[in-house]
Structure formats: structure tokens, C-alpha cells
Amino acid sequence: MFDFSDFKESPLMYGLAALIIGFVVIESVFFLVKAWKRGKELGISTETLKNTVVSSALFSVAPAISILATVIVLASALGIVLPWIRLSVIGNLLYETSAANTMLDVLGSNINTEVTNPEDFSAIAWVMTVGISLGLVLVTIFGRFIIKKINKATTKSEKSSNIADIISASAFIGIISAFVAQAINGKSSDGSSDAGFMSIVTLVSAVVISLIFETLCQRFKLKKLEIFAMPLSIFGAMAVAVLLNMWLPAEITSFTWWG
Amino acid sequence: MSKIKKQRDYFDSVHIWGRIWSIGALLVLFSLPVAFSAYYDAWPNAKLVLEALLRLIPLYWLSSIIEVITFTPMLGAGGAYLSFVTGNITNLKLPCSLSAMEQAKVKANSEEGEVISTIAVASSAITTTIIIAVGVLLFNPFLPALRESEALKPAFSYVSSALFGALGASYLKKHWKISIFPVVVGIAVLFFVPSFGVSTLLFVTIVAAVGGALVMSKLKLVK
């Protein structure tokens, strides 16, 4: 099961994984407890706090599985441990894949070929780490300044507070719009998830399932179901994609605008 | 007065701890390439590393700067420090935090929003870390089969369509007037530059959404 003779999956690598991943979990628990205590002081009900924990955990299941899928994709070249660490700390799907791809390209290799030389592996680890660290450095230095500036600008008067509400609601819509636009018309870097029939069907299914849940929850006052509505809609849409891919002819399911 | 003082104390302490944990995270993060290179005496060829970084940095550092400026105010202090350490912000932490604030009916720029966002990001980070760890350790032998499963491929290829469709449904329904413009702008941008990275596209659609909404509110088309 585990090949410790391989430097990519050596006890050293597993030890580093334990250290790094343990750090992330402890930090998360620290902030969770801190925010929970402050929430109680602010008079937020235990039920709301609990619901936030449960719904956020459930919300994360489907994306976490897709992150796991990226770990697996990268594992054929890099072993399982490095992608596992990189995608548990700071990393993100797009960045880690392109960072590894770029370094492998410079080394004259590609993502489907196993890295067998420790120097090459070390180069990839350095590139993945250095490239992704800037965001963390910036938020450490400027995070406080940015939040202070924004808070100051938005709490000046009632009018600016109203503008702040419009800005925060529309910024959220801006985020969703980017992904909706990508599902309708986007092109992925490796061509694996270009927009076309499947992306649009998945998007529409998610919207429809989500609206059905919303109506059910409102009409029958199903408070408990509200927490599960989001993850169930995500999984429902993913299931529709899998089933259509099985049932419909490949000419339809593989149709994308980008050929 | 004491309420304001308490609020300030909480924010101050979040910033202090946020910075301490972030510096710790950077040290732990760099321990990987340093320890590996030292243990195997496998220091990489600096020229090649630099060549790869020069290709990556212009794109990724620009998007890092945009992410810090755009996402930090939306995530709140605690949520931002935690998100930038645990990663997967656009595809997980940010939508998760926004969804939690929407469900708890709190605003991003309030202290309640700060608390809910931090709890959401922390819960999401713990869940994700556990799922990935369990997946790697338990399913290691089966992973290649799962990866090559043609049947499951579409589910993972289009996870962001499913996620944002589900997340956006009620929001887009409620605010359809201000949603049309940024979606159209996003589609138009992708029409001309199909391979636009998601972080850059996000910046464009957020600016379009906010700008469009402010203009519509000035014209009294939205409340």
C-alpha cells in the first residue's frame, strides 16, 4: 500500500504532511473557538452557531472530494504526499496544477510521467511553495489596513452604510457571475472542463434543484432541511451530470463551444 | 463604550493572532522544500526554478494581489487569515462563508458577520482537511481506479458549475436586476479571451457587478 522506498512517499514526507496538516487543523480549531466565544458574547444563539458549523461542513464535502480528485491526478507524477500537503495548505486546484505543470515543462517532462529524480522533485516543491506564498504574506502585512480602510469608509454615515450594503451584495453577485459565465462560455487550461452541453446542464440542474429545495423549505417550514439544501443541490447536479453522461450519446455530452 | 472597547479588543486580538499564525504557517510551509532538499541533499538547480517561477509569478502574484484586496473585506479578519492559510478560497472558502452569512442573515461588514464567516471558514477547513487526509490514507490503493473512472469524470469536471449554480440560485432570483450585467460582462470577456484565469475574471465581474449596482441605485432602479 505505501512504498516507503520511494522518496516521494518516504517517512520524512509523511512526517512533514502530519506537521503541516496538524498545524492547519489546530489553527482552524483556535479561530473556531475564538469566534464561537465572541458570537455568544454578541448574543448569537447556539443554534445559529451550530447550524453555521454543520452547514459549512456539509457545504465543503463536494468541493473537498473534487480537491481530492486533483490530489489523485497530480499523484501520478509527484506521489501522493506533496499534492496532499500543497492542496491542504494555501493551495488551490488551478494554481497547484499549473505550478507543477510549469516546472515539469521546464524540466522537459509532463504531469503524466513519474518524477524519479529527487532534484527534480525538490525543484517542483520549491516552485509550488514560493509561487503560492505571496497571498499569505500580503494578508499578514496589509490585512488589517485593508479591513480598517473599508470599515471606515462604510461606517461614516447611514448613506454610506446603505452603499456598503449594495456593494457587499453586488460583490457577491460578481463572484457568482464569474463562475456562471465560465460555465456558459469558459475554456479550461487543460480542456477537461470547457463550457458546453455538460457545464450548462450541471449549472441549470443545480439552480433548479436549489430552487425546489428553497420552495419546499419555505412552504413546509422545514428548518432542518435548509442546512442540507445546499450540499444536496450540489450533489444532485453532479449526479445529473454523471447520469446524462451515461445515457446520452457522446456527441451530445462532449459538445463544447471550443471544439 | 465598553461594548465598543470589547469589539476593538476582539478585532485587535484577531489581527495579532492572525499574524502570528500566518507567520507560523509560512515557516511550516517552507519546512517542506527545505527539509526535503537537506535530507536528500537534493537542492534544485536555481536557474531552472527561477525560469519556472518567472513564468508563474506574473500571473499568480497579480491574482494574489487582487484576491487579497477583494476577498479580505468580504471574509472579515478571522476568515481572511484562515482562508489565506488553508487555501482553496474561490472554489470553497469564500462561497462557504458567503452562504453561511446569508443563512444566518448577517452582513459581511458587521461583527456578527465576522464571527459567522470565521466559524464557516474554520469548519470548512477542518472538514476539507479531514476528507482529503482520509481519502489519501484509506483510499490510496483505489485512487487510480477512481481517477480513471470515466463514469465519475463529469461530476468532478463540473463541480464549480454545480457549486455556484446551487449557491447562486436564490441570490440571482432575488437580485436578478443587478445580476444580468455582470454575467453578460463575464460571458463577453470570455468570448474574446476564452482562457482568462478565474481570479482575473472574478475581478472584472465584481467590478461590473458593483459598478452596475451603484449606477442602478443612483437611477433608483434598485433599492
Side-chain angles (χ1 to χ4, degrees), chain A residues 16 23 27-28 31-32 35 39 52-53 56-57 59-60 63-64 66 68-69 72 84 90-92 102-103 106 118-119 122-123 125-127 131 134-136 138-140 144 146 150 168 170 173-174 176-179 181 183 185 187 193 199 202-203 206-207 210 233-234 237-238 241-242 245, chain B residues 15 21-22 28 32-33 37 40 42 44 49 51-52 56 61 64 68 72-73 78 84 87-88 92 96 100 108 115 118-120 122-128 131 135-136 143 147 154-159 161-162 164-166 168-169 179 182-183 186-187 190 194 201-202 205-206 209-210 213:
Chain A
L16 288 167
F23 181 93
E27 179 179 357
S28 303
F31 276 104
L32 178 63
T52 304
V53 171
S56 306
F59 185 95
S60 310
S66 90
L68 181 62
I72 300 164
W84 172 25
I90 318 188
N92 68 67
T102 308
M103 191 66 236
V106 169
E119 273 93 31
S122 158
W126 276 102
V127 166
L134 185 74
L136 185 56
L138 289 179
V139 88
T140 309
R144 185 186 189 124
I146 293 170
I150 300 262
S168 80
S170 52
I173 287 169
I176 296 169
S177 306
F179 287 91
N185 197 31
K187 187 169 174 14
S193 50
S199 64
T202 315
L203 178 78
V207 171
S210 174
S233 309
I234 298 169
M238 286 164 79
V242 169
N245 192 50
Chain B
H15 282 297
W21 280 104
S22 301
V28 170
L32 169 79
S37 305
Y40 287 101
V49 170
E51 196 186 325
L56 283 167
W61 282 25
S64 286
V68 171
T72 306
F84 280 94
N88 288 299
L92 179 54
C96 182
V115 164
T118 307
I119 293 177
S123 311
S124 170
I126 296 168
T127 313
T128 316
I131 290 180
V136 165
L143 293 182
R147 180 175 67 226
F156 296 122
S157 297
Y158 300 106
V159 71
S161 302
F164 284 94
S179 304
V183 172
I187 293 175
L190 288 173
L201 182 66
L202 272 171
T205 51
I206 290 173
V210 172

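Letters go in sequence order (proteins before strands), and every chain restarts at 1.
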| Is it the side chain or the backbone of A/L32 that comes within 4.5 Å of chain B heavy atoms, both, or neither? | both
| Spatial distance of atom CD (A/E27) from atom CD1 (B/I126) [nearest 0.5 Å] | 10.5 Å
| Heavy-atom donor-acceptor pair, A/S177 side chain to B/T205 backbone, under 3.5 Å | no
| said: Using the rule side chain to side chain contact (heavy atoms under 4.5 Å, CB included), only one of A/L138, A/T140, A/L136 pairs with B/F84; which is it? | reply: A/L136
| Pick from A/V139, A/T52, A/V242: which one has the most heavy-atom pairs with chain B under 4.5 Å? | A/V139
| request: Mind checking the CD1-OG1 spacing from A/I146 to B/T72? Nearest 0.5 Å is all I need. | output: 4.5 Å
| said: For the interface with chain B, which of A/E119, A/R144, A/M103 has the highest count of heavy-atom pairs at distances below 4.5 Å? | reply: A/R144
| task | Kindly give the heavy-atom pair with the smallest separation between A/W126 and B/V49, and that separation in Å. | result | CB-CG1, 4.5 Å
| request: Among the options B/S124, B/A213, B/G186, B/A100, pick out the one with the most heavy-atom pairs lying under 4.5 Å from chain A. | output: B/S124
| query | How are the rings of B/F164 and A/F179 set relative to one another: parallel (under 30°), tilted (30 to 60°) or perpendicular (over 60°)? | reply | parallel
| request: Identify the two heavy atoms, one from A/T102 and one from B/A52, that lie closest to each other, and give their separation to 0.1 Å. | output: CG2-O, 3.8 Å
| query | Among A/S28, A/A123, A/S210, which has the most heavy-atom pairs under 4.5 Å with chain B? | reply | A/S28
| request: Output the option from A/A183, A/P118, A/G39 having the highest count of non-hydrogen pairs under 4.5 Å with chain B. | output: A/P118
| request: Please report the shortest heavy-atom distance between B/A166 and A/I234, naming the atom on each side. | output: CB-CG1, 3.9 Å
| Distance-minimising heavy-atom pair for A/F23 and B/V28 | CD1-CG2, 3.7 Å
| note | Nearest heavy-atom contact between B/V115 and A/A35 is CG1-O, 3.2 Å
| message | What part of B/T127 gets within 4.5 angstrom of chain A, counting heavy atoms only: side chain, backbone, both, or neither? | response | side chain
| Within the side chain of B/S161, is there an N or O that forms a donor-acceptor pair under 3.5 Å with the backbone of A/L203? | no
| task | Under 4.5 Å, counting heavy-atom pairs only, tell me which of B/G78, B/A162, B/S37 racks up the most with chain A. | result | B/A162
| For the student: nearest non-hydrogen atoms of B/S123 and A/S56, plus distance | CB-CB, 3.9 Å
